[in-house]
Each structure stands twice: as C-alpha cells, then as structure tokens.
2 protein chains.
Amino acid sequence: MTGAPTRWGRMLEEAGIRTTSQRLLVLDGLGRHRLPVSAQQIHAELHEQGERVGLTTVYRTLTSLAAAGLVHTFTQAGEIVYRLCGPAKHHHLICRSCGLVIERVEEEAMAGFRAEEVYGTCATCAGTS
Amino acid sequence: MTGAPTRWGRMLEEAGIRTTSQRLLVLDGLGRHRLPVSAQQIHAELHEQGERVGLTTVYRTLTSLAAAGLVHTFTQAGEIVYRLCGPAKHHHLICRSCGLVIERVEEEAMAGFRAEEVYGTCATCAGTS
DNA sequence: CAATGAAACGATAATGGATTTCATTGCTGT
DNA sequence: ACAGCAATGAAATCCATTATCGTTTCATTG
C-alpha cells in the first residue's frame, strides 16, 4: 500500500483513515455514482466486478467516511444512501422524484432556521423548467 | 359509530376513511403530540392506557392517514414518524436537534427547486436567537 | 527477517422496524 | 336475518443494519 497515492489514497490519508485495498474499492465504487447509493448496492457492484469485499466492511468504511465528512448520508425509502461530497461547507437539495442531489454553498437561513438538507422536487421533475 | 361525530370522526369522514374505534384511538394518540411520533410509540401509549389496538392496525391506520394527507411522515433515526398536519398546503422545517416541526405556508422555490421538507437546525438550537 | 500487537476484515448471527399473511370479527346494505 | 366485504390482529416474514468473534493484514520492533 506504499508508493504513489491515488486520488482516493490521498483522501483517506488526509482524513486520517488508514488506506486499505477494501477502502479504496469502496471509494472507487462510490466515485462512479453521481446519485447517492446504498451500501448494499456498492457491495453488489464490487461483487459483480469480481472484487471480494465483505458487506460488513462496506458498511464500516462508509460509516467512517461519513464521520470524516468525506461522504454525506441521506435516507431514501427506508435505507441509508451515501454520496461523495466536495470539501466546501454546503447543504443539499435532494429531489424525491429523480434522486438528483444539488450541493449549495450559499447560506439560506429561513427565519433563523439553518437548512442542511432540503427534500423536494427539482425544476426538471416539476416541469417548471 | 353513529351519532355526533367528534373532531376525529369528522376528519376521517371527510377523508373518505371509514370511522372505527381503533382509528379514532390512533388519531387521538397522534393528536396528543406536537412532535412527530412513531407507530410503535403510539401503540405503546395506547396499550399503557389500557386500549387494545394491534400494532398492525396502528401501522395501517397511519399509512392511510398519510395517503389521505391528514398526517405527514418523516424519517428519524431509521424509523418512520408521523405528525398531524393542517389542511393548508405547506412544507416543513424539521430541527434535527430538538425535533421541532414548523409548518411553512409560503412558497420558497430555490433555483426552481420546490422544497417539501427542510432538515436543519432551528434558531433556538443554533443559539442564533 | 521473525516476532508482536493493534487495526482491519468478513462470515455469521442477532436485532428491530415494517410489512405480509390469513383466519376471525364486525359493519353495511338489502 | 343474511350475504358480502372491510377491518382487525397475532404470527410469520422481510430486509437493512449492527454486533460478535475468530482470522488476517500491517507496521513496528528487536
């Protein structure tokens, strides 16, 4: 695990998480998706592509990545889904219809309420283009 | 089930849901809470007060009430919670810290995005009074 | 380069909220 | 009263997630 650290390796290093092949695989799996994905889905995709990573490890990795702030978690249809997020402080607009996630940097305080996650319908799905 | 319909009875009637004693009990249980509550909690409270309503029925009742738009559902810590809501079209601000729910009638479209549920931190909890 | 201890891994079992099943009960309209 | 249908609820089932625990990997030390 020595040598030129890849993009994922650098991320883990900076977050103080030891780099392992399994964690790199999970990050790689995450990185292929723009929309949030579940731990089960990542596990299944890794399995399909011939990689052997335990489901437990996928869950553990995602949890520590979330704790480190590298990924954000949402809840969709009763399951936890994960998404790689940029480092800038931001909140999210999540479309309930298509799953689209928009990262918003601006602070939008509504009546003193600090928004962190906004669920709703995106312009495309609302037909209000 | 004939005679003077109570507040709950009227609500069910208008929603096209047949009035039963169990459904009235569930509505009554809901009505005692300002913050969202889980089906299990309602079931436990009814049981404590000596009422015999099956957990299944509590779930079914809450689901149909939600379908009729009389209650709104949220997700907290992996479980579904329910809250009686006013009839006016509105969206919600939900504080992740204290659970407070604010009903907002105004339309706040952000960049074409129609907000339905906003999770975040309320003014009190943020100390930003 | 072997020994050591800590961290990580992963198969399996356990947990717990939610749903389905199905036999029974109770309305409702004729 | 009666047929038909909706509602009920105990038990079984589902399924995502977490806990357990023996094994493996890795960095460090002698």
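Residue numbers start from 1 in every chain, and the chains themselves are labelled A, B, ... in the order their sequence lines are given, proteins ahead of strands. All values below were derived from every heavy atom in this structure, side-chain atoms included, with hydrogens, water molecules and symmetry-related copies excluded.
- As the counterpart of C/dA23, D/dT8 is assigned, both hydrogen-bonding distances of the Watson-Crick or G-U wobble pattern falling under 3.5 Å.
- Using a 4.0 Å cut-off, some side-chain N or O of B/Q22 falls inside it from OP1 or OP2 of D/dG9.
- Panel note: side chain A/R23, backbone A/R18; a donor-acceptor pair is recorded below 3.5 Å.
- At a cut-off of 3.5 Å, with distance as the only test, no side-chain donor of B/T19 or B/E13 sits close to an acceptor on the other residue.
- Whole-Å rounding puts the A/Y59 OH to D/dT20 P distance at 18 Å.
- Mapping A/E79 and B/H43 onto DNA chain D via the closest heavy atom, the residue that lands nearer the 5' end is B/H43.
- Shown here for A/P36 and A/F74, the closest heavy-atom pair between the two residues is CG-CD1, 3.8 Å.
- A salt bridge links A/R96 to B/E117: one of the charged nitrogens lies within less than 4.0 Å of a carboxylate oxygen.
- Of the residues listed (A/Q41, A/R83, A/E45), the one engaging A/H33 in a side chain to side chain donor-acceptor pair (under 3.5 Å) is A/E45, and it is the only one.
- Here the C1' atom of nucleotide D/dC15 and the CD atom of A/Q41 are 16 Å apart, to the nearest Å.
- Within 4.0 Å (heavy atoms only), A/Q40 reaches at least one base atom of the nucleic acid.
- Distance, B/Y82 OH to C/dG17 P: 13 Å, rounded to whole Å.
- Nucleic acid contact class of B/R60 (heavy atoms, under 4.0 Å, all strands): base.
- The hydrophobic clustering, which links ILVMFWY residues whose side-chain heavy atoms are closer than 4.5 Å, places B/Y119 and A/F113 apart.
- When all heavy atoms are compared, the tightest approach of A/H92 to A/V101 is CD2-CG1, 3.7 Å.
- In this structure, CG of A/L62 is placed 15 Å from P of D/dA16, rounded to the nearest angstrom.
- Less than 4.0 Å separates DNA chain D from at least one heavy atom of each of the following residues of residues 44-56 of chain B: B/R52, B/V53, B/G54, B/T56.
- Atom CD1 in B/I80 sits about 13 Å away from atom C1' in D/dA16, given to the nearest Å.
- When rounded to the nearest whole Å, the span between CG of A/L27 and P of C/dA8 equals 14 Å.
- Nearest nucleotide to the side chain of A/T20, out of D/dA16, C/dA8, D/dG9: C/dA8.
- Evaluation of atom-type donor-acceptor distances gives no pair under 3.5 Å for the side chain of B/R18 against the base of C/dG26.
- Taking atom CG of residue A/L25 and atom C1' of nucleotide C/dG10, one finds them 14 Å apart after rounding to whole Å.
- For the pair A/L24 CG and D/dC26 P, the interatomic distance rounds to 12 Å; values are reported in whole Å.
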